[in-house]
Participant: 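I'd like to ask some things about the structure below.
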Amino acid sequence: MFRTVLSLLPPAQRGRVAGYLAIEVLSTIVRAVAVVLVVPLVTELFGDDPGAAWRWVGLLTLAVAIGWVVDSIGYRIGFDLGFGILDNAQRSVAAQVARIPLRWFTEDNSATARRAIAGTGPDLVGLVGYLLTPLIQGILLPIAIAVALVPIAWQLGLVALIAVPLLLGALWGANRISQQADRVAAAANGELTARIIEFARTQAALRAARRVEPASSQAGAALAAQHGATLRLLLLSIPGQLLFTVAAQIALLAMAGTIAWLAVRGTIGIPEAIALIVVVVRFVEPFTSIRDLAPAMETSRSTLKDIRTVIDTPGPESSGRAGELTPAAATVQLRSVRFGYGDDESEPPVLDGLDLEFRAGEVTAIVGPSGAGKSTVLGLVAGLEQPNAGSVVVGGVDLGELDSAHRSTVSSMVFQQPYLFAGTIRENVLSGNPEAGEDELAAALRLARVEEFARRLPDGVDTVVGEAGTALSGGERQRVSIARALLKPSSVLLVDEGTSALDAENEAAVVTAIGEDPRQRTRIVVTHRLSTIAGADRVLFLDGGRVVEDGTVAELLAADGRFARFWRHQNDAAGWRITSETVSVGGN
Ligand code: ADP
């Protein structure tokens, strides 16, 4: 944990750690002195000249005052370090999230990334001030008190020094036991939650089958398991609680016994013995404080673990070359590309040694059955995914050699499910090219037919699209994302129409955008729509990760193969739709 905290500190602040530790050590010494000063104070009070005790009261007050000053400086540095850790951790995680290969983002990993960025503020800021500081002082203070006791009564000091590791060990053991109990309870709770959700979701089926009693369902079994786990949690936490309590009592007894023995022998007087009892009680207090920190430590540890998981996830291997590609049409090549989702090498890859070339400036339509690997090819060209073997080369530059920032400048992409940022339509489109002039912006808005619907909105293109574009319809979001892609000065335009059902308006927007894009670039479209395919210079029919047909529409129709069959099928489907509409209109 300490190592993670150190590694998360911004380099500029690392030098302050030594200063912070020195302050904490100083604060501990001052506190220990204040505790031990009780001994001469009480001794003088009961001595021949009680007035001499004022001297010690004065010293005690001074120690307390110095303690305040030192502690305020310590907290100040602690919170500065905390904010430094927060800033650095959030920035590192955000930067890493932008680099990690997309296949890493499973449901679990996405949740980890979300926690690592969003849920960490107060935890990280308070990490030093509220957690490390009391922890360091909790460990150092008893040691300092024990050492301070040596000149007063060395036998007691020795017993206290021996008690420190034993009590810390007991705390550690108790914590381990309760962690184990928590794990058992968490697993049972997780199972119970899953079963209850399932039980609720399957109510219709269960009622139809007349199996609605919770007790006889899997939910009943999970409830029973959770009941058992709660019992085990209680039973397991008892030895944990007892371990520390018993150790603390033994330490107290040993020290009280030593004091009594020293008093009986006459080594110390009765007033000194009374004062030492007070010191011994103060000696045990910090251990109890450490025990109370355990839940907060657990939370911080899991926060730091989430952050580490994201930061340690290997990004794409790249030499980080920041080469610029000219924003003009470029030849795109897939050279012996092997690619599979997931790390399981035993699973057959989606693409296995695919060689493919998209000629500069051409519009290529990729067609093929679902699962053929069409979107995967686009993801690789866009640099969203990296091949396991082979390379993707755009304009002679291997994408694998570019750093992620430059890789993302190579192509513009229109996704099946477009994502808009919170902000206005204008801001969303301009994010494709923040330097674009008004004329360029207007052209992109017109080509993507954003203008048409924006005109009807109260604030036009300055209308706020809402969180993730929720204020716009699906088709409108699609058109904004097309405008954004058109505005981006990239060498390659990638459009994934996939299976998305576009209305006639959107379909026209896509066709116009691809056909009339004024920029010289290579365009690749994954589609099943005849209108889009008809405008393509070349068609690739993909199946099972391989190109099975390659040519112009006319050539492939003449060859009468897979594409021709697909084309006829699409034509028939379109024809059927028209017929059915005609029938329904006629029927009215
Ligand atoms: P297409 O676009 O031709 O429908 P894809 O490229 O989307 O095909 O998918 C090719 C294969 O890869 C399919 O078997 C699909 O299930 C799988 N696949 C696609 N995306 C992912 C993903 N994110 N994680 C795991 N497997 C995926």
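Atoms within each ligand, like the ligands themselves, are counted from 1 in listed order.
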Participant: Considering only protein heavy atoms, which is closest to atom 7 (O) of ligand 1, and at what distance to one decimal place?
Facilitator: Ser375 CB, 3.7 Å

Participant: Answer yes when Arg568 and Asp560 have at least one side-chain N-carboxylate O distance shorter than 4.0 Å, and no when they do not.
Facilitator: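 Yes, charged N to carboxylate O under 4.0 Å.
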
Participant: Where do Ala360 and Thr522 come nearest, in terms of heavy atoms and distance?
Facilitator: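 Result for this residue pair: CA-OG1, 3.5 Å.
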
Participant: Does Lys374 come within less than 4.0 Å of Glu497, counting only side-chain N to carboxylate O?
Facilitator: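 Judged by the 4.0 Å cut-off on N to carboxylate O distance, Lys374 and Glu497 do not form a salt bridge.
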
Participant: Give the atom numbers and elements of ligand 1 that come within less than 4.0 Å of a heavy atom of Thr376.
Facilitator: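 Heavy-atom distances to Thr376 below 4.0 Å select 5 (P), 6 (O), 9 (O), 10 (C).
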
Participant: Grab the two heavy atoms, one from Val337 and one from Pro387, that are nearest each other, plus how far apart they are.
Facilitator: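 Smallest heavy-atom distance, with atoms named: CG1-CB, 3.9 Å.
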
Participant: Check each atom of ligand 1 against the heavy atoms of Ala372 and keep those under 4.0 Å away; list them by number with element.
Facilitator: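 Counting from 1, the qualifying ligand atoms are 1 (P), 3 (O), 8 (O).
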
Participant: Give me the atom names and distance for the closest heavy-atom approach of Ser408 to Lys488.
Facilitator: O-NZ, 2.5 Å

Participant: For atom 4 (O) of ligand 1, what is the nearest protein heavy atom, given as residue, atom name and distance?
Facilitator: Gly371 N, 2.7 Å

Participant: Indicate yes or no: does an N/O atom of Gly373 lie under 3.5 Å from an N/O atom of ligand 1?
Facilitator: yes

Participant: Could you check whether atom 19 (C) of ligand 1 has a protein contact, counting only heavy atoms that fall below 4.0 angstrom?
Facilitator: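 Yes, there is one.
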
Participant: Check ligand 1 against Ser370 and write out every atom of the ligand that is under 4.0 Å from a heavy-atom position of the residue.
Facilitator: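 The atoms of ligand 1 under 4.0 Å from a heavy atom of Ser370 are 4 (O).
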
Participant: Tell me which protein heavy atom sits closest to atom 25 (C) of ligand 1, plus the residue, atom name and distance to 0.1 Å.
Facilitator: Tyr341 CB, 3.3 Å

Participant: Going by heavy atoms, is Pro369 under 4.0 Å from ligand 1?
Facilitator: yes

Participant: For residues Ser490 and Arg521, report the shortest heavy-atom separation together with the two atoms involved.
Facilitator: OG-NH1, 3.0 Å

Participant: Is Glu440 paired with Arg519 through a side-chain N to carboxylate O contact shorter than 4.0 Å?
Facilitator: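 Salt bridge flag = yes for Glu440 with Arg519.
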
